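Not measured: the values here are computed from a predicted model. Here, residue 1 is the first one in the sequence, and each next residue gets the next number.
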Amino acid sequence: MTTFNLKNIGFTDDELTNSDTNQVIGRVSSQAQNIYKVLTEQGELYAKISGKFLYDASKLSDYPAVGDFVSLDVPDSTQNGIIHQVLPRKSSLSRQSAGNSTDEQLIATNIDMIFICMSLNEDYNLRRLERYLAIAWDSGALPYIVLTKTDLCHDLTEKLFEISQIALGVDIICTTNTSTDGYQDIEKHLEVGKTSAFIGSSGVGKSTIINHFINDAQINTDGLRNDDKGRHTTTQRDLYVLPNELGMVIDTPGMRELGIGGTNVSKSFEDIESLALQCKFNDCSHTTEPKCAIKFAIKNGQLSEERFKSYQKLQLESQYDGMNAKMIEQTKLNRMFGGKKAMKNFLRENQH
């Protein structure tokens, strides 16, 4: 049975490993329904959460996620464990759960690097990339952008310029199916004890890249649909320990819809927030006020109007985090009219 050195799989709290506790420390590598696969110094185990854990958990993010370190009991002569605690997370990549839920859905935890994959075909979408960058910066990990299928792109220089305008301070790596040069650029950032996560839409090539480093095609991949968009192949999150001391990698399902919940978007839009500080008025709405630095930058081509609108949209989404439909409606009315009563007065005054 393969055993795992805790330090090599990213664990750094020596105080816990040297304590007198009878519990085992392990790292969650995958989950299927209510069963967790956990990597430990005793080998790979299967575990469930304890009854007390289940009783105390109040939200989705309380439960173990792929990448979490957990403490568990492992009865003698079994390969099954009971998870009692999720240890503190140093970073967490999350999004708002689908539908009307305000719950936070954890994508991966305890990650050091996030590789945001985007293919240069019909998947190319700058506004979606801004969303990925927002949640990546907010996670506490360091983001990189990986452009796939660059051999199919006829205006690569133009695309690289567009991306550089929204991905300030983020390294951009180009990969192609016809060369391994891009893989080598990714490998430079991989090292033992460090964890990377690959995120992006379905079919952009995340699993193909990970298979290259695993040296074994154990992750299913698929081609493109007729509309040039990827098929959804990866259906769950999995953590893999890479050979050659390249650390660990987490493969994630494709995500076309990406709710940002309470994400702080400031880091992804430092250019806009820096411009806003130059406005004449501290509370400038960037609409009709004189000497507005944002309007001036848009007029001069320094800032695209599309990027500014994206910033406003993501800011609003972040502010609505945790609100129900009624609260969101009230917030919109307050922003637009100053309240419901003011809205009624406005409508009454503008009736024909």
Donor-acceptor pair, [X] side chain versus [Y] backbone, under 3.5 Å?
{"X": "Lys159", "Y": "His154", "answer": "no"}
{"X": "Arg27", "Y": "Gly67", "answer": "yes"}
{"X": "Ser119", "Y": "Thr148", "answer": "no"}
{"X": "Asp155", "Y": "Glu158", "answer": "no"}
{"X": "Asp62", "Y": "Ser58", "answer": "yes"}

In this structure, would [X] and [Y] fall into the same cluster of hydrophobic residues linked by side-chain contacts under 4.5 Å?
{"X": "Leu54", "Y": "Val70", "result": "yes"}
{"X": "Leu126", "Y": "Leu156", "result": "yes"}
{"X": "Phe115", "Y": "Ile250", "result": "yes"}
{"X": "Leu106", "Y": "Met113", "result": "no"}
{"X": "Ile199", "Y": "Tyr240", "result": "yes"}

Separation of [Y] [atom2] from [X] [atom1] (nearest 0.5 Å):
{"X": "Ile145", "Y": "Leu129", "atom1": "CD1", "atom2": "CG", "result": "4.5 Å"}
{"X": "Asp151", "Y": "Leu120", "atom1": "CG", "atom2": "CG", "result": "9.5 Å"}
{"X": "Asn264", "Y": "Gln315", "atom1": "CG", "atom2": "CD", "result": "9.5 Å"}
{"X": "Ile114", "Y": "Ile135", "atom1": "CD1", "atom2": "CD1", "result": "7.0 Å"}
{"X": "Tyr132", "Y": "Leu93", "atom1": "OH", "atom2": "CG", "result": "9.5 Å"}
{"X": "Leu160", "Y": "Ile172", "atom1": "CG", "atom2": "CD1", "result": "6.0 Å"}

Before giving the answer on side-chain contact (heavy atoms from CB on, under 4.5 Å), spell out for Gln165 and Ser304 the whole-Å C-alpha distance, their side-chain angles and the decisive distance to 0.1 Å. CA-CA 9 Å; Gln165 298 304 295; Ser304 75; over 6 Å; no
For Ser29, side chain to side chain contact (heavy atoms under 4.5 Å, CB included) partners two or more places apart: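 For Ser29, the residues satisfying side chain to side chain contact (heavy atoms under 4.5 Å, CB included) (neighbours in sequence not counted) are Lys37, Leu39, Leu239.
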To check you understand the geometry: which heavy-atom pair defines the closest contact between [X] and [Y], and what is its length?
{"X": "Gly203", "Y": "Lys149", "value": "O-NZ, 2.8 Å"}
{"X": "Glu289", "Y": "Asp283", "value": "OE2-O, 4.4 Å"}
{"X": "Pro64", "Y": "Gln31", "value": "O-OE1, 4.3 Å"}
{"X": "Ser91", "Y": "Ser139", "value": "CB-O, 3.3 Å"}
{"X": "Cys117", "Y": "Phe198", "value": "SG-CD2, 3.7 Å"}
{"X": "Met248", "Y": "Gly193", "value": "CE-C, 3.7 Å"}

Would you list the atom pairs, donor with acceptor, under 3.5 Å between side chains in residues 182-192 and any protein atom, with sequence neighbours excluded?
unit_1	atom_1	unit_2	atom_2	d
Asp185	OD1	Lys188	NZ	3.2
His189	ND1	Tyr144	OH	3.3

If you define the side chain from C-beta out and look only at heavy atoms, does anything of [X] sit under 4.5 Å from [Y]?
{"X": "Tyr124", "Y": "Glu162", "answer": "yes"}
{"X": "Tyr36", "Y": "Leu72", "answer": "no"}
{"X": "Met118", "Y": "Asp123", "answer": "yes"}
{"X": "Phe269", "Y": "Ser310", "answer": "yes"}
{"X": "Val249", "Y": "Phe213", "answer": "no"}
{"X": "Ser50", "Y": "Tyr55", "answer": "no"}
{"X": "Phe308", "Y": "His286", "answer": "yes"}
{"X": "Leu275", "Y": "Gln302", "answer": "yes"}

Neighbour count >12 (heavy atoms, 6.0 Å) for atom NZ, Lys48: no
Would you say that more than 12 heavy atoms from the other residues, nucleotides or ligands in this model lie under 6.0 Å from the CG of Asn282, or not?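 No.
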Would you call Asp271 and Arg307 a salt bridge, taking side-chain N to carboxylate O under 4.0 Å as the test? yes
Between Arg127 and Glu130, is the closest basic N to carboxylate O distance under 4.0 Å?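 Result for this pair is yes, salt bridge flagged.
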Using side-chain contact (heavy atoms from CB on, under 4.5 Å), reason through Lys267 and Asp138 one step at a time and then give a plain yes or no. CA-CA 8 Å; Lys267 182 66 176 179; Asp138 194 58; over 6 Å; no
Check Asp68, Ile9, Thr195 against Asn110 for a side chain to side chain contact (heavy atoms under 4.5 Å, CB included) and give me the one that passes. Asp68
Please assess Ser94 against Ser92 for the test side chain to side chain donor-acceptor pair (under 3.5 Å), listing each intermediate value before the final yes or no. CA-CA 6 Å; Ser94 64; Ser92 60; 5.2 Å; no
side-chain contact (heavy atoms from CB on, under 4.5 Å), that's the test. Do Thr2 and Glu44 meet it? Break it down for me. CA-CA 7 Å; Thr2 303; Glu44 187 176 78; over 6 Å; no
Apply side-chain contact (heavy atoms from CB on, under 4.5 Å) to the pair Asp112 and Lys90, showing each step before the final yes or no. CA-CA 9 Å; Asp112 301 281; Lys90 70 176 183 181; 2.9 Å; yes
